[in-house]
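What follows is one structure encoded as structure tokens, with my remarks underneath.
Side-chain atoms are counted along with the backbone in the values below, which use heavy atoms only and exclude waters and symmetry mates. Bear in mind that the values here come from a model prediction, so they are computed numbers and not experimental data.
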Amino acid sequence: MSHTGTVRAAGCVLWRRAADDGALEVCLVHRPRYDDWSLPKGKLKRDEDALDAAVREVLEETGHHCVPGAPLPTLRYEAHGRPKEVRYWEAEATGGSFTPNDEVDRILWLPPAEARTRLTRPDDRIPLDALPVSVLKG
């Protein structure tokens, strides 16, 4: 949180190439607390850099290590009566495995079009839709 009361968070549009055909897949997380599908993200710790937080949250929520790339649009909205700002990056998954936990009980790797329709919050489509052409085309 900043001194202005804005909740600061960060996350990634985590992607990989499918092993069988090389098609682009994007990772979504299911949060049982909200029963929603979203991009991996979370609140910054005190004095934590947003990019460091994004990489940490990806690992905590998906079990996957990643290499962050281009910044994506920042989302600003109200959550639980407080302003919230979520910074995003595209990030390539480099390995790992998912273990369900209280915060995230499932993940899905989906083609971008399917991920877009599965996302619960329409605004989460904004960073997904902003993936660079270099990621989309491979």
Side-chain angles (χ1 to χ4, degrees):
M1 247 181 336
S2 72
H3 63 283
T4 62
T6 298
V7 177
R8 296 180 58 231
C12 293
V13 176
L14 183 66
W15 61 272
R16 70 180 184 189
R17 298 281 169 199
D20 56 350
D21 63 2
L24 180 66
E25 296 178 321
V26 173
C27 185
L28 300 186
V29 298
H30 181 262
R31 303 179 304 169
R33 177 178 177 190
Y34 304 107
D35 190 24
D36 71 352
W37 288 96
S38 70
L39 301 167
K41 65 180 179 298
K43 294 177 188 154
L44 274 62
K45 295 179 178 179
R46 180 184 300 276
D47 298 325
E48 186 177 26
D49 176 78
L51 182 55
D52 292 341
V55 170
R56 175 182 55 77
E57 286 290 338
V58 163
L59 183 59
E60 288 177 5
E61 292 192 353
T62 71
H64 287 269
H65 296 275
C66 67
V67 175
L72 299 173
T74 297
L75 298 184
R76 292 175 181 85
Y77 54 94
E78 192 168 296
H80 311 292
R82 308 238 341 251
K84 186 169 186 176
E85 177 182 282
V86 187
R87 294 184 59 192
Y88 284 98
W89 286 263
E90 59 91 357
E92 183 176 7
T94 57
S97 62
F98 175 68
T99 302
N101 57 65
D102 290 341
E103 190 176 352
V104 175
D105 62 351
R106 289 181 282 164
I107 67 170
L108 284 176
W109 289 96
L110 299 170
E114 287 182 41
R116 193 175 195 286
T117 60
R118 180 66 66 108
L119 285 165
T120 302
R121 292 187 71 253
D123 282 356
D124 284 348
R125 296 174 185 150
I126 295 169
L128 176 61
D129 290 346
L131 279 174
V133 172
S134 58
V135 170
L136 294 173
K137 301 294 182 198

Using every non-hydrogen atom in the two residues, find where [X] and [Y] come nearest and quote the distance to one decimal.
X    : Y    : value
P112 : L128 : O-CD2, 3.8 Å
L14  : P40  : CB-CG, 4.5 Å
R17  : S134 : NH2-O, 4.2 Å
P127 : P73  : CA-CD, 4.1 Å

Using the salt bridge (Lys or Arg N to Asp or Glu O under 4.0 Å) rule, collect all pairs that involve [range], keeping only residues at least two apart or in two chains.
range            : answer
residues 33-47   : R31-D36
residues 122-138 : R116-D129, R121-D123, R121-D124
residues 85-94   : R76-E85

Is any side-chain heavy atom of [X] less than 4.5 Å from a side-chain heavy atom of [Y]?
X    : Y    : answer
L72  : P132 : yes
T6   : R82  : no
L108 : C27  : no

When you group the ILVMFWY residues by side-chain heavy-atom contacts below 4.5 Å and let the links chain together, are [Y] and [X] in the same group?
X    : Y    : answer
L75  : L39  : yes
V86  : V13  : yes
W15  : V58  : no
W109 : L136 : no
V104 : L28  : no

message: Show me the pairs that pass ring pair (Phe, Tyr, Trp, His ring centres under 6.0 Å) and involve residues 25-63, at least two apart or across chains.
response: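 Applying ring pair (Phe, Tyr, Trp, His ring centres under 6.0 Å) to every pair that reaches into residues 25-63, excluding sequence neighbours, yields H30-W37.
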- request: Would you list the pairs meeting ring pair (Phe, Tyr, Trp, His ring centres under 6.0 Å) in which at least one residue belongs to residues 71-103, sequence neighbours left out?
  value: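 Not a single pair qualifies under ring pair (Phe, Tyr, Trp, His ring centres under 6.0 Å).
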- prompt: side-chain hydrogen bond (donor to acceptor under 3.5 Å, both in side chains): which pairs involve residues 54-66, sequence neighbours left out?
  reply: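 For residues 54-66: E48-R56, R56-E60.
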Using 0.5 Å steps for rounding, measure from the [atom1] atom of [X] to the [atom2] atom of [Y].
X    : Y    : atom1 : atom2 : value
L110 : T117 : CG    : OG1   : 8.0 Å
L119 : I126 : CG    : CD1   : 11.0 Å
C12  : L51  : SG    : CG    : 7.0 Å
L44  : D52  : CG    : CG    : 9.0 Å

- request: Given side-chain contact (heavy atoms from CB on, under 4.5 Å), test C66 with V55 step by step and report yes or no.
  value: CA-CA 7 Å; C66 67; V55 170; 4.2 Å; yes
